[in-house]
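Sequence lines set the chain letters: A, B, ... in the order given, protein chains first and strands last, and positions in each chain run from 1.
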Number of protein chains: 2
Amino acid sequence: MKWTELHTESCPVARGLSVIGDRWTMLVIRECFLGVRRFDQMQARLGITRHVLADRLRKLEADGVLRRDAYQDRPLRHEYRLTEKGKALHPILVTLIDWANQNVPTEATPMITLLSRDTERPIRPRLVDEETGAPITHLSVTAKLAE
Amino acid sequence: MKWTELHTESCPVARGLSVIGDRWTMLVIRECFLGVRRFDQMQARLGITRHVLADRLRKLEADGVLRRDAYQDRPLRHEYRLTEKGKALHPILVTLIDWANQNVPTEATPMITLLSRDTERPIRPRLVDEETGAPITHLSVTAKLAE
DNA sequence: GGGGTAAGTTCTCTTTCGGAACCTGTCAAT
DNA sequence: ATTGACAGGTTCCGAAAGAGAACTTACCCC
């Protein structure tokens, strides 16, 4: 399994990571979900080098996760927005946030947590099967070859 | 934000990625969930170099995601198993698999999908709030500073 | 003693990353 | 008309990380 050929793997974990498995990529996605759309703003907020940021944005656009829209001509300027495919990454971000809050301690206060936009109350995510509503755990669900 | 100091960030995305944000790490975790416990077996299945694999296993053990247990003396041999903290990564793996199956196409057949261990039927994961059961979407939930 | 197994380590070479400076096109102020 | 600022990159160089293969250690069996 070579990193450069990961996207052709049959394993969905490998294919997924070929898009978002990079060191910085999910942090760029986080910025997009927070509404950050411009190059310089992302660069300042993340502390990523401009070179690497330009490369990641190019790749994410090529993979259909971000869309590059012009917001002015003269000089021509673009902003980056999540596509539907990019918005579909939300559950990954949410489960990652929950895992880190439960398992990677920090002294930083106040902590950043998940909140309902409506009620402003904290959210604790849980995975269930869409069809049956049964909870999904590592004991109840596994990944296998489907016929 | 420096990569080497990510674990002290207040943002849970950054802290989470400081543990699992590496190119190979989630693939190692996948192997663990599939029951692979030994160095050589992981190395052969992943095609990762031995050097990098040894490094990742060391880091994952240091982070408390994997436990290194001796399964024989003379010569001393260890195997790697998920800790509770490691098992807690299951939702991230599941959402990643689902996203990739829906959004990163492959010609490979048969495809690897999520199945219930009981019923052998396919599963489609969905995130809900543990307390209210309300679905979690990027419109309904956001991450904010908690007081 | 030769070969096999398991878990690494060491070596060299190539790729990627970090950091800083530079470039381009436009506007606004001096 | 020049200078400076802004936005979104690109270029350059040295440092760090990764790939690939060989080597090491400690045991067993033949």
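Ranking C/dG18, C/dA6, D/dA19 by closeness to the B/D40 side chain, first place goes to C/dA6.
To the nearest angstrom, P of C/dG19 lies 11 Å from CD of A/Q43. Atom-to-atom, CD of B/Q72 to P of C/dT5 comes out at 14 Å; the value is rounded to the nearest Å. In this structure, B/I48 places its CD1 atom 9 Å from P of D/dG18, rounding to the nearest Å. The CH2 atom of B/W24 sits 14 Å away from the C1' atom of D/dA17 (whole-angstrom rounding). Rounded to whole Å, the distance from OH on A/Y80 to P on D/dA7 is 14 Å. Remark: P of C/dA6 and CZ of B/R68 are 16 Å apart, rounded to the nearest angstrom. Atom-to-atom, CG of B/L46 to P of D/dA19 comes out at 11 Å; the value is rounded to the nearest Å. Atom P of nucleotide D/dA16 and atom CZ of B/R23 are separated by 17 Å, given to the nearest angstrom.
Ion pair B/E84/B/K87 flagged as a salt bridge, since at least one NZ, NE, NH1 or NH2 atom sits closer than 4.0 Å to an Asp/Glu carboxylate oxygen.
In this structure, the side chain of A/W99 does not engage the main chain of A/V104 through any donor-acceptor pair within 3.5 Å. Not one N or O on the side chain of B/E130 forms a donor-acceptor pair closer than 3.5 Å with the backbone of A/I123. Under a 3.5 Å cut-off, the side chain of B/S116 and the backbone N or O of A/V141 do not form any donor-acceptor pair.
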Using a cutoff of under 3.5 Å, can you pull out all pairs of nitrogen or oxygen atoms linking the protein to nucleotides 24-27 of chain C, with atom names and distances?
| from | atom 1 | to | atom 2 | distance (Å) |
| --- | --- | --- | --- | --- |
| C/dG25 | N2 | A/R77 | NH2 | 3.4 |

Scan nucleotides 10-14 of chain D against the protein and return all N/O pairs shorter than 3.5 Å with their distances rounded to 0.1 Å.
| from | atom 1 | to | atom 2 | distance (Å) |
| --- | --- | --- | --- | --- |
| D/dT10 | OP2 | A/R58 | NH1 | 3.1 |

### Task
Evaluate the side chain to side chain donor-acceptor pair (under 3.5 Å) criterion for residues B/R37 and B/Y80: first the C-alpha distance (whole Å), next the side-chain angles of each, then the deciding distance (0.1 Å), finally the verdict.
CA-CA 5 Å; B/R37 299 197 177 89; B/Y80 298 90; over 6 Å; no
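Between B/Y71 and A/D22, the residue anchored closer to the 5' end of DNA chain C is B/Y71, taking for each the nucleotide with the nearest heavy atom.
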